[in-house]
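Just so it is clear, the model here is predicted, and its values are computed rather than measured. Each chain gets a letter, A, B and so on, in the order its sequence line appears, and its residues count up from 1.
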Amino acid sequence: MSKRTLINNAVQERDFFADVMDVVRQIPRGRVTSYGAIAKYLGAPRSSRMVGFCMNNAHTVRPKVPAHRVVNRIGLLTGKHHFGSPTAMEDLLKKEGVKVKDDQVVDFRKKFWDPTVELGF
DNA sequence: TGAGTGACATATA
DNA sequence: CTATATGCCACTC
């Protein structure tokens, strides 16, 4: 239990948490990014795990963040099980024009949205 | 306070 | 490309 934790409960902002979601919300429609890219943009290239962990709250927080646009580095929909339905994630992506095959984003490199580049770094 | 955990990444073979 | 091993940082209990 640290000060940060207490602040967490009270404010719930000013966290990795908030930063991650902030970035994720800026992902353009029809594009995807990776945990590592987000982590790197936040200055913690090795906190990629936390990025994913933050997504846990992503769907409990308002407004919801487009967590379906965040996949692992190879474009695999590792977090699809955390959505309501097992197919919700890829379904959303398909609706946005992102083709998904075998839980994997097609042309991932092409549709990859790098915050460190797009948002300017 | 300290150990366990996670929707991962990187390095190495 | 796969498989294994290790680091990683914030969070939870």
Could I get the full list of salt bridge (charged side-chain N to carboxylate O under 4.0 Å, His left out) partners for [X], not counting sequence neighbours?
X         : value
Lys95(A)  : none
Asp107(A) : none
Lys111(A) : none

The contact string for nucleotides 8-13 of chain B, one letter per nucleotide 5' to 3', using protein heavy atoms under 4.0 Å with B, S and - for base, sugar-phosphate only and none, comes out as BSB---
How would you list all residue pairs meeting ring-ring contact (aromatic ring centres under 6.0 Å, His included) that involve residues 43-98 of chain A, not counting sequence neighbours?
none
All side chain to side chain contact (heavy atoms under 4.5 Å, CB included) counterparts of [X], not counting sequence neighbours:
X        : result
Arg29(A) : Arg69(A), Glu96(A)
Arg49(A) : none
Lys99(A) : Val106(A)
Ser47(A) : Phe16(A), Ala44(A), Met50(A)

For nucleotides 3-5 of chain C, give me every protein contact, N/O to N/O, under 3.5 Å, one pair per line with atom names.
none

Over all atoms of both residues, closest heavy-atom pair of Ala37(A) and Thr116(A):
O-CG2, 4.1 Å
Under 4.0 angstrom, heavy atoms only, what part of the nucleic acid is Ala58(A) near: base, sugar-phosphate, or nothing?
nothing
Members of residues 81-97 of chain A that approach DNA chain B, where some heavy atom sits under 4.0 Å away
His82(A), Phe83(A)
Between [X] ([atom1]) and [N] ([atom2]), how many Å, whole number?
X        : N       : atom1 : atom2 : result
Asn56(A) : dT12(C) : CG    : C1'   : 12 Å
Ile38(A) : dC8(C)  : CD1   : C1'   : 17 Å
Lys40(A) : dC9(C)  : NZ    : C1'   : 17 Å
Met50(A) : dA10(C) : CE    : C1'   : 4 Å
Phe53(A) : dT5(B)  : CZ    : C1'   : 8 Å
Phe16(A) : dG6(B)  : CZ    : P     : 18 Å

Between Val23(A) and Thr33(A), does the side chain to side chain contact (heavy atoms under 4.5 Å, CB included) criterion hold? Intermediate values first, please.
CA-CA 10 Å; Val23(A) 175; Thr33(A) 190; over 6 Å; no
Using a side-chain heavy atom cutoff under 4.5 Å and only I, L, V, M, F, W and Y, what cluster partners does Ile74(A) have?
Leu76(A)
